[in-house]
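So that the names make sense, note that chain A is the first sequence line, chain B the second, and so on, each numbered from 1. Side chains are part of it too, since the values below use all heavy atoms of this structure and drop only hydrogens, waters and symmetry mates. Small disclaimer: the values here were computed from a predicted structure and weren't measured.
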Amino acid sequence: MSGYILKRLLSMLPILAVVAVVVFMIVHLTPGDPAAVMLGDEAGEKEIAELRSQLGLDLPLAVQFFHWLANVLQGDLGRSYFSDVPVTQAFWEHLGPTVSVAILAQIIAILIAIPIGIMAARRRGTMIDQAVMGVSLFGISVPSFLLGLFLILLFAVQLKWLPVAGYKPLSSGLWNHLRYLILPALALGFMQAALIARMTRSSMLDIIADNYIKTARAKGLKETMVIYKHALRNACIPILTVIGETFGGLVTGAAVVETVFNIPGIGQLIISSVERRDYAVIQGTVLLITVTYVLLNLIVDLLYGIVDPRVRLNRKER
Amino acid sequence: MAYKHLLEIKELKTSFSTERGVVTAVDGVSFHVDAGETVGVVGESGCGKSVTAESILRLLDEKKTNYLGEICYQGTNLLALSIDQMQQIRGNEISMIFQDPMTSLNPVFTIGDQIAEAITQHQKCSKQDAFSRTVELLRRTGIPAPEQRVHEYPHELSGGMRQRAMIAMALACQPNLLIADEPTTALDVTIQAQILELMQELKQESQMGIILITHDLGVVAEVCTRVVVMYLGQVIEEADVETLFENPLHPYTQGLMKAVPTIDGDRKQKLHVIKGMVPSLHQIPQGCRFAPRCEYADSQCSQEPPQLHAISPKQKVRCWHAAKFMTQGEEHERHHLD
C-alpha cells in the first residue's frame, strides 16, 4: 500500500514539470509588464527599468525559469510583487474559503444526487425518472454564475434570508460561516448534483440487472437492503470517480462563483494576480492547484480500494 | 398435513409486457414437488424453465410481469402473498441457486458476510452465532479451511468453491424446497459431479424437495426422481426418470435423448440434431408448438394444440401421436387405466 502511494507520488513529478514549464511560458508570453503595472501610469522609463532588474525580469527567460525552478524545489515559490507576502502564504490564506465552499457544495450535491439517482433508476421510464433526467440536464447546462445570480436575487434580495455576498471565516461562528457559504455552495453544487445523479442512475441501472442482486432478493432481503447495501456499494466506483473528478474542479476552478459571491478564495487570488501581472503568484498558485488536484485523484483511487476488494487484490499483485 | 404436495404449480401463466407486446413465457405449466424428491425440469434455452423457477420465488420484475394460475407452497398460494410475506419465504422456506457462481455472489462482500446475512435475515441470533453457523455451513458444503475462507471475497475463490458457497447460502435456513437453476452448467465436469453429489447428500440429510433445472439429460439421469420436459413455455412430457429414459413419448424428448453423444455404438454416425430452432415467443405456432420441428407432424398437429394427458400413472405427454410411440407393456397398462 505505502509502496503504491509512493509510486503514485513519484508519477506526479513529470506532470508537475510540464505544468511548471507551461505556466511559466504562458505568463511570460502574455503582453503587459509587471513593473509598469506595479508602478502605475505615472512611472518613468528609468524607474520601470530599475524595478525590472530588481525583480530579475531583465534576465533571459531560460535563466529566469531556472532561478524560479531552483527556488521551487527548495519550497520557495517566491513573493508576490504586489503584496510582498510569500506565495505559499497567500495560497494558504485563500485556500480556506475555497475548500469551505467546495466541501459544502459537495455535501449538498451528494445528499441530493445519490438518493435522486437511485430513485430514477428504480422507476426507470416513469415520470419521476424523466423529471430527474430533465432537471439534471438543466443543471449541467446552466452556468454556475447565472444560477448564482438568480439565487442571490431570490434568497438574498427578495426573501432576505441570506447575505448577498462575502465571506466570514469559521472563527466567526459556525452559523455565520455557513450563512455566507450556502448560496455559493448551491450554485456550485447544483451542477455537481446533476452529474452525480446521472451517474448514479446509469450505474444503478447496470447493477440492478446483475445476478447477485437477484441472489440478494432470493435470500429474502428487504428491497431497501438490496438497493442500499448490495447495489449501491457496487455502483459506488463510477459515482466515486465523478465525485473525485468534480471535487478537484470545485477546489481549483470555482473562480467564477467566487467572483460572483465575492469570496476571497483561490479563484479570486488567481484573477487578481492576473490583473496585476503578479507572475510569482500565478505560477505558484497554478502549480499548487495542480498538486492539490493530483493528490485528490490519488485519494479517490485509494477510496476505490476501500469500496471494492477486487481493486485491493490487483494492487497487491502489481 | 393439510396439503397434498410440498409445492404444486397449477396452470401457471407468466407473461411480460414488452415493447413489442405481451409475451407469455410460461403458458399453463403444472407440476408438483414432494418432500425428499428431486424433480428435473428439462428443455432447451428459452423454453421457460428459468422463468418458471423465478416465478415460484416471484423474483421477476412485477411491474412488467403478470402471473395467472397458482403456485401452492404447503397449501398457500405464493402468488397471492404480499411482498413482505414473500420475503419471509425467500431464502427461508424456499431457496434458490443460480447458474453462474461467478456473477451470483456480490463481489464487494465476503462470502461469510453474504451467508451470515441470510441467517440473520430470517432467524434471531447474534452475529457470532450467525458467523459460527456460517463456518459450519461452509464445512458441510465441503469447503476446505472454512475458518479462513469465510473472510474471503468471491473473486478469491474458484468456480466450484463459489457454487459451494452459494449452496451454503441457500441452505443457511434449512429450506424445505431448493430450486437449483442450472447449478452445474458453468462448472468443469469433475466439479459438476462433486456439486451434484453434494446436493444429493444434503437432500438425504434434510428431506428437502429439489427442483433441478437443467438442459443436461446426463445430470437428470443421475439425480432426479421425476422429470418435467418443457418446450416453448409448456410442459410437453412428465414422467418418473426410469420411464422417461426407457420410453420417451414426445418426439421432442426423443430428440433430446438422441442429441446426447454416446461413447459406445457407431461413432461415425452423426449426432442427432433437432431441426430448426425454438421459435420466438412472438411467433408461437398455432397447433402443437413443436409441430414445425417435428418429423411426425401432420395436418392435425399444425392446427389443433394437443393437451397434456396421462398415458400411464407414471407418464403424461402432450402429443397427438404419443400412442404410436408406446411399447407393448405400456399399451397394456393404459387399457387398465381406461
* Asked: Applying the side-chain hydrogen bond (donor to acceptor under 3.5 Å, both in side chains) test to A:Lys219, which of B:Gln121, B:His122, B:Glu117 qualifies?
  -> B:Glu117
* Looking only at heavy atoms, what is the nearest atom pair of A:Asn234 and B:Asn106, with distance? -> ND2-OD1, 2.6 Å
* Asked: Where is the tightest heavy-atom contact between A:Pro309 and B:Pro107, given as atom of each residue plus distance?
  -> CG-O, 3.3 Å
* To do: Kindly confirm or rule out a cation-pi arrangement of A:Arg233 over B:Phe109, judged by NZ or CZ under 6.0 Å from the six-membered ring centre and within 45° of its axis?
  => yes
* Partner of A:Thr215 under side-chain contact (heavy atoms from CB on, under 4.5 Å), chosen from B:Gln114, B:Met96, B:Met166 -> B:Met166
* Asked: Do you know which of B:Arg90, B:Lys63, B:Met102, B:Met169 has the most heavy-atom pairs with chain A at a distance under 4.5 angstrom?
  -> B:Arg90
* **side-chain contact (heavy atoms from CB on, under 4.5 Å) assessment of A:Lys214 paired with B:Phe98** => CA-CA 9 Å; A:Lys214 198 178 277 174; B:Phe98 297 94; 3.4 Å; yes
* Asked: Is it true that a side-chain atom of A:Asn211 and a backbone atom of B:Thr103 form a donor plus acceptor pair closer than 3.5 Å?
  -> no
* To do: Determine the option with the most heavy-atom pairs under 4.5 angstrom with chain A, choosing from B:Asp84, B:Leu105, B:Ile179.
  => B:Leu105
* Is it the side chain or the backbone of B:Ser104 that comes within 4.5 Å of chain A heavy atoms, both, or neither? -> both
